[in-house]
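The structure under discussion appears below in the form of structure tokens.
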There are 2 protein chains.
Amino acid sequence: MTDPANAPEGTAADLIAAALHLFGRKGFAATSTREIATRAATNVASIAYHFGGKEGLRRACGTEVARRIGGVIAAAALPEAPSPEAAERQMEAILRAMVGFVAGAREADDLIAFMLREVAENGPVLDAVYGTMIEPMHRRFCALWATATGWEAESEDTRLMVFSLVGQVLYFRIGAPIVTRRMGWPALGPAEAARIADRLAANLHALIERERMS
Amino acid sequence: MTDPANAPEGTAADLIAAALHLFGRKGFAATSTREIATRAATNVASIAYHFGGKEGLRRACGTEVARRIGGVIAAAALPEAPSPEAAERQMEAILRAMVGFVAGAREADDLIAFMLREVAENGPVLDAVYGTMIEPMHRRFCALWATATGWEAESEDTRLMVFSLVGQVLYFRIGAPIVTRRMGWPALGPAEAARIADRLAANLHALIERERMS
DNA sequence: TGCTTTCAATCAATCGTTTGATTAACATTG
DNA sequence: CAATGTTAATCAAACGATTGATTGAAAGCA
């Protein structure tokens with residue numbers, strides 16, 4: 001799944017890149033196969049040839065996203081946190097990396113937009129991505145929170161707390177049209193992502209500190 | 001806008017209700033006018049007659065959402081918070097009301113789903129709803145936070161902090177397919193909404209307490 | 001040659017919209 | 001009061017356009 005060897009190339013890769021962009025921007029149903037083919041500089045029939053149809057191309061986009069983001073996660077795989085302080089630092093680092101990737105990186109824009117739409121539709125792509133990406137990531141963060149605060153790693157409280165932490169990151173991306181208006185920002189770039197990351201990091205430390213005192 | 005007098009009725013109202021449901025569940029582009037008409041128990045031509053076309057019906061759905069939710073906000077209009085403690089209590093009340101409405105109420109399900117899709121598409125409906133709903137709501141919460149902590153109400157820090165607070169609420173609704181899986185919940189009902197609200201309220205108090213101490 | 005890939009052309013199906021007829025309720029007449 | 005005109009609303013039917021998918025030929029390469 002994370003094997004870079006089975007990365008699509010040629011026309012198939014062009015089609016996935018084009019579909020990822022258009023699906024993310026306009027949605028699956030609103031994107032026509034002809035539009036995808038034009039953007040990929042190929043013929044409409046190539047979609048059926050390589051992926052069996054439009055729905056197959058959608059699934060291929062899903063596995064491609066899992067492959068690419070899976071690579072990012074693997075690259076961020078750090079050793080076990082030995083102390084509460086180390087766990088806290090590692091959580092802040094992950095949070096900052098997430099904000100930078102989700103809200104600040106232009107190259108990941110198509111990926112994120114596509115995934116957000118798939119989550120909203122709760123389609124077959126989500127099934128595939130949840131097990132390989134979201135669940136392990138969440139579980140890992142739960143373990144860090146447990147190390148930092150002494151909570152039980154897989155308790156309901158811990159899992160909810162972690163969602164409230166990482167959920168904030170995704171909200172700033174999902175609600176970007178709203179956030180940028182209210183903040184008076186021209187767009188969501190690296191500079192704005194840094195402001196957001198600072199705020200979320202401060203919140204994280206405040207929550208941990210509160211737990212340490214009780 | 002919030003006037004209950006101009007509430008649509010008859011066929012027009014049926015069409016809006018049907019469209020709200022289908023647009024929210026399947027998306028605007030994936031929903032056909034015939035499907036809407038069938039669900040509203042009327043003819044396809046009624047859409048063009050009452051709203052000028054499919055796009056007009058979409059806008060009508062937007063204003064209808066603003067009208068209904070605007071009513072909820074007006075009902076929750078409380079007097080100015082006189083003390084930091086009162087402001088804190090009022091913020092918790094609003095947060096709990098939001099979670100209950102967004103994640104727990106079944107009657108609001110169509111409304112929320114529709115709005116989330118409109119935000120994602122950043123379409124004309126969002127323009128209309130932002131000014132009448134989101135901005136005033138956010139501004140109000142900023143004032144409460146300022147009263148509770150002594151921050152400046154319209155500073156960038158305050159606005160970001162408020163987004164990180166209310167954003168959590170929306171995330172739990174947007175990411176419901178993910179959250180329910182990881183939590184092992186069958187769905188997002190009132191019971192689950194209560195657990196989420198408890199967590200967010202605890203976070204709120206922790207963040208305020210931290211500010212009071214510094 | 002044999003195999004994979006791409007292409008223009010075409011398919012039936014479905015899309016949003018338009019049309020003209022029909023109905024019912026009300027106002028305007030003689 | 002009865003007849004007529006007016007209007008808003010709904011309907012079945014059909015419109016042209018576009019959809020995803022398919023076809024068989026052409027092209028590229030080993």
Side-chain angles (χ1 to χ4, degrees), chain A residues 5-64 110 114 117-118 120-121 123-125, chain B residues 5-64 110 113-114 117-118 120-121 123-125 128:
Chain A
N6 46 8
E9 41 185 317
T11 304
D14 294 341
L15 281 172
I16 290 180
L20 221 39
H21 178 79
L22 292 170
F23 287 165
R25 282 180 62 94
K26 315 175 41 177
F28 177 78
T31 303
S32 74
T33 52
R34 286 169 176 81
E35 200 176 355
I36 299 171
T38 301
R39 178 166 243 267
T42 181
N43 192 275
V44 225
S46 302
I47 296 176
Y49 177 78
H50 285 284
F51 306 101
K54 192 186 179 185
E55 200 68 44
L57 177 54
R58 175 195 218 161
R59 283 194 304 271
C61 286
T63 66
E64 173 66 10
D110 291 347
F114 173 79
R117 281 193 184 270
E118 287 299 325
E121 308 222 351
V125 169
Chain B
N6 45 9
E9 42 185 316
T11 303
D14 293 342
L15 281 171
I16 290 179
L20 221 38
H21 178 80
L22 292 169
F23 287 164
R25 282 180 63 92
K26 315 174 42 176
F28 176 78
T31 303
S32 73
T33 52
R34 285 169 177 81
E35 199 176 357
I36 299 171
T38 301
R39 177 168 243 268
T42 182
N43 192 272
V44 226
S46 302
I47 296 176
Y49 178 78
H50 285 284
F51 307 101
K54 192 184 181 186
E55 199 68 44
L57 178 53
R58 175 193 219 163
R59 282 194 305 271
C61 287
T63 66
E64 173 65 10
D110 290 348
F114 173 79
R117 281 193 183 270
E118 287 298 325
E121 309 221 351
V125 170

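Here is how names work: the chains are called A, B, and so on, in the same order as the sequence lines, proteins then strands, and each is numbered from 1.
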With sequence neighbours excluded, residues passing salt bridge (Lys or Arg N to Asp or Glu O under 4.0 Å) with B:Arg117: A:Glu121
Just jot down the side chain to side chain contact (heavy atoms under 4.5 Å, CB included) partners of A:Thr38, sequence neighbours excluded, or say none. none
Gap between atoms CZ and C1', on B:Phe51 and C:dT17 respectively (whole Å): 16 Å
If I take atom CZ in residue B:Arg58 and atom C1' in nucleotide C:dG16, what distance separates them, rounded to the nearest angstrom? 14 Å
If every non-hydrogen atom of A:Cys61 is compared with every non-hydrogen atom of A:Phe114, which pair is closest and at what distance? CB-CZ, 3.5 Å
Can you sort out the partners of A:Phe28 under ring-ring contact (aromatic ring centres under 6.0 Å, His included), two or more places apart, ordered by chain and number? A:Phe23
Where chain A begins and ends its contact with DNA chain D, read 5' to 3' at 4.0 Å from heavy atoms: D:dT19 to D:dT23
Could you work out, with side chain to side chain donor-acceptor pair (under 3.5 Å) as the rule, every residue matching B:Ser46, not counting sequence neighbours? B:Thr42
Contacts of B:Ala30 that satisfy side chain to side chain contact (heavy atoms under 4.5 Å, CB included) - sequence neighbours left out: A:Ala29, B:Lys26
Taking the nucleotide of DNA chain D with the nearest heavy atom to each, does A:Glu35 or A:Gly52 sit closer to the 5' end? A:Glu35
Quick check: closest heavy atoms across B:Val125 and B:Arg58, and the distance to 0.1 Å? CG2-O, 3.8 Å
Show me, pair by pair, the donor-acceptor contacts under 3.5 angstrom made by side chains of residues 12-22 of chain B, not counting sequence neighbours?
unit_1, atom_1, unit_2, atom_2, d
B:His21, ND1, B:Asp110, OD1, 3.0
B:His21, ND1, B:Asp110, OD2, 3.1
B:His21, NE2, B:Arg39, NH2, 3.3

Measure the CZ-CG distance between B:Arg34 and B:Asn43 for me, rounded to the nearest 0.5 Å. 9.5 Å
Respond yes when some side-chain nitrogen or oxygen of B:Ser32 is under 4.0 Å from OP1 or OP2 of C:dT14, and no when none is. no
For DNA chain C, the residues among residues 21-31 of chain B that have a non-hydrogen atom under 4.0 Å from it: B:Thr31
Got a list of protein N/O to nucleotides 6-10 of chain C N/O distances below 3.5 Å?
unit_1, atom_1, unit_2, atom_2, d
C:dT6, OP1, A:Thr11, OG1, 2.2
C:dT6, OP2, A:His50, NE2, 2.7
C:dC7, OP2, A:Thr42, OG1, 3.0
C:dC7, OP2, A:Asn43, N, 2.9
C:dA8, OP2, A:Asn43, ND2, 3.3
C:dA8, N7, A:Asn43, ND2, 3.2

Which residues pass the side chain to side chain contact (heavy atoms under 4.5 Å, CB included) test with A:Thr33, not counting sequence neighbours? A:Val44, A:Ile47, A:Lys54
